[in-house]
Amino acid sequence: VQLQASGGGLVQTGRFLRLSCIVSGTTFWSQAMGWFRQSPGNQRELVASIGRGDGTDYADSVKGRFIISRDNAKNTVYLQMNELKPEDTAVYYCNQLVRSLGSGKYNPRGNWGRGTQVTVSS
């Protein structure tokens, strides 16, 4: 599976960015997808997920500001990031998701592609 994230950049606090991730090598329409981020010294965290049926979920830190969506015809998942804050600064990655049988939480599935850097200045 290949995952190609793009759309990052340097923006000021309060501005917006839209990330895109093109996925190939899998049956995209059948996969739950997620956006993760990792900042220096921190673990990679799931910030937004979208299921096969377009159900979405968000980390508390981005709820109300970020919107995840997908276009199955284009094998692409998007992350609209509004009202950006300096603490949103990180490298953002997309990945397929698999739900843990034990906890029911989503975990990343498979390899990681190249992320895209988002930097929010104060």
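The first residue in the sequence is number 1, and the count goes up from there. Computation of the quantities below employed the complete heavy-atom set of this structure, encompassing side-chain atoms and omitting hydrogens, waters and symmetry-equivalent molecules. For clarity, every value in this text was computed on a predicted model and none was experimentally measured.
Ser30 places a side-chain N or O within donor-acceptor distance of the main-chain N or O of Thr27, the cut-off being under 3.5 Å. In this structure a side-chain-to-backbone donor-acceptor pair under 3.5 Å is present from Thr13 to Ser121. Between the side chain of Thr89 and the backbone N or O of Val120 there is at least one donor-acceptor pair closer than 3.5 Å. With hydrogens and angles ignored, the 3.5 Å screen pairs a side-chain donor or acceptor of Tyr58 with a backbone N or O of Ile68. No donor-acceptor pair closer than 3.5 Å links the side chain of Trp112 to the backbone N or O of Leu3.
Both Val118 and Ile67 are assigned to one and the same hydrophobic cluster, defined by single-linkage of ILVMFWY side chains at heavy-atom distances under 4.5 Å. If you chain together hydrophobic residues whose side chains sit under 4.5 Å apart, Tyr93 and Leu97 fall into the same group. Clustering ILVMFWY residues whenever any of their side-chain heavy atoms sit less than 4.5 angstrom apart, transitively, puts Leu79 in the very cluster that holds Val62. Linking ILVMFWY residues whenever their side-chain heavy atoms come closer than 4.5 Å, directly or via other members, leaves Val77 and Val91 in distinct clusters.
The two residues Pro108 and Phe36 have their closest heavy-atom pair at CB-CZ, 3.8 Å. Across every non-hydrogen atom of Pro86 and Ser122, the tightest pair is CG-CB, 3.9 Å. Of all non-hydrogen atoms in Ser39 and Ala90, the two that sit nearest each other are N-CB, 4.0 Å. Of all the heavy atoms in Tyr106 and Ala32, the pair that sits closest is OH-CB, 3.7 Å. Nearest approach of Gly8 to Thr116, heavy atoms of both residues: N-OG1, 3.0 Å.
Atom CG of Asn75 and atom CH2 of Trp29 lie 12.0 Å apart (nearest 0.5 Å). To the nearest 0.5 Å, atom CZ of residue Phe66 and atom CG of residue Leu17 are 9.0 Å apart. Rounded to the nearest 0.5 Å, atoms CZ (Arg44) and CZ (Arg37) are 13.5 Å apart. Atom CG of Asn72 sits about 10.5 Å away from atom CE of Met33, to the nearest 0.5 Å. Rounded to the nearest 0.5 Å, atoms CG (Asp57) and CG (Leu46) are 8.0 Å apart. A distance of 11.0 Å separates CG in Asn95 from CH2 in Trp35, rounded to the nearest 0.5 Å.
By the ring-ring contact (aromatic ring centres under 6.0 Å, His included) test, Tyr92 pairs with no residue at all, sequence neighbours left out. Annotation: salt bridge (Lys or Arg N to Asp or Glu O under 4.0 Å) contacts of Asp54 (sequence neighbours excluded): none. By the salt bridge (Lys or Arg N to Asp or Glu O under 4.0 Å) test, Lys105 pairs with no residue at all, sequence neighbours left out. Every residue two or more places apart in sequence or in another chain was checked for a salt bridge (Lys or Arg N to Asp or Glu O under 4.0 Å) with Arg99, and none qualifies.
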### Query
side-chain hydrogen bond (donor to acceptor under 3.5 Å, both in side chains) between Gln96 and Thr26: does it pass, once the steps are laid out?
CA-CA 9 Å; Gln96 302 174 96; Thr26 187; 3.1 Å; yes
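With contacts defined as side-chain heavy-atom distances shorter than 4.5 Å, the pair Phe28/Thr76 does not qualify.
Counting only residues at least two apart or on different chains, the salt bridge (charged side-chain N to carboxylate O under 4.0 Å, His left out) pairs with a member in residues 63-75 are Asp60-Lys63, Arg65-Asp88. Residue pairs meeting the disulfide (SG to SG under 2.5 Å) criterion with at least one partner in residues 4-94, sequence neighbours excluded, are Cys21-Cys94.
Shown are Met81, Glu83, Gln80; of these, the side-chain contact (heavy atoms from CB on, under 4.5 Å) with Phe16 is made only by Gln80.
Residue-environment remark: CD (Gln117) exceeds the threshold of 12 foreign heavy atoms within 6.0 Å. Within 6.0 Å of CD in Glu87 there are more than 12 heavy atoms belonging to other residues, nucleotides or ligands.
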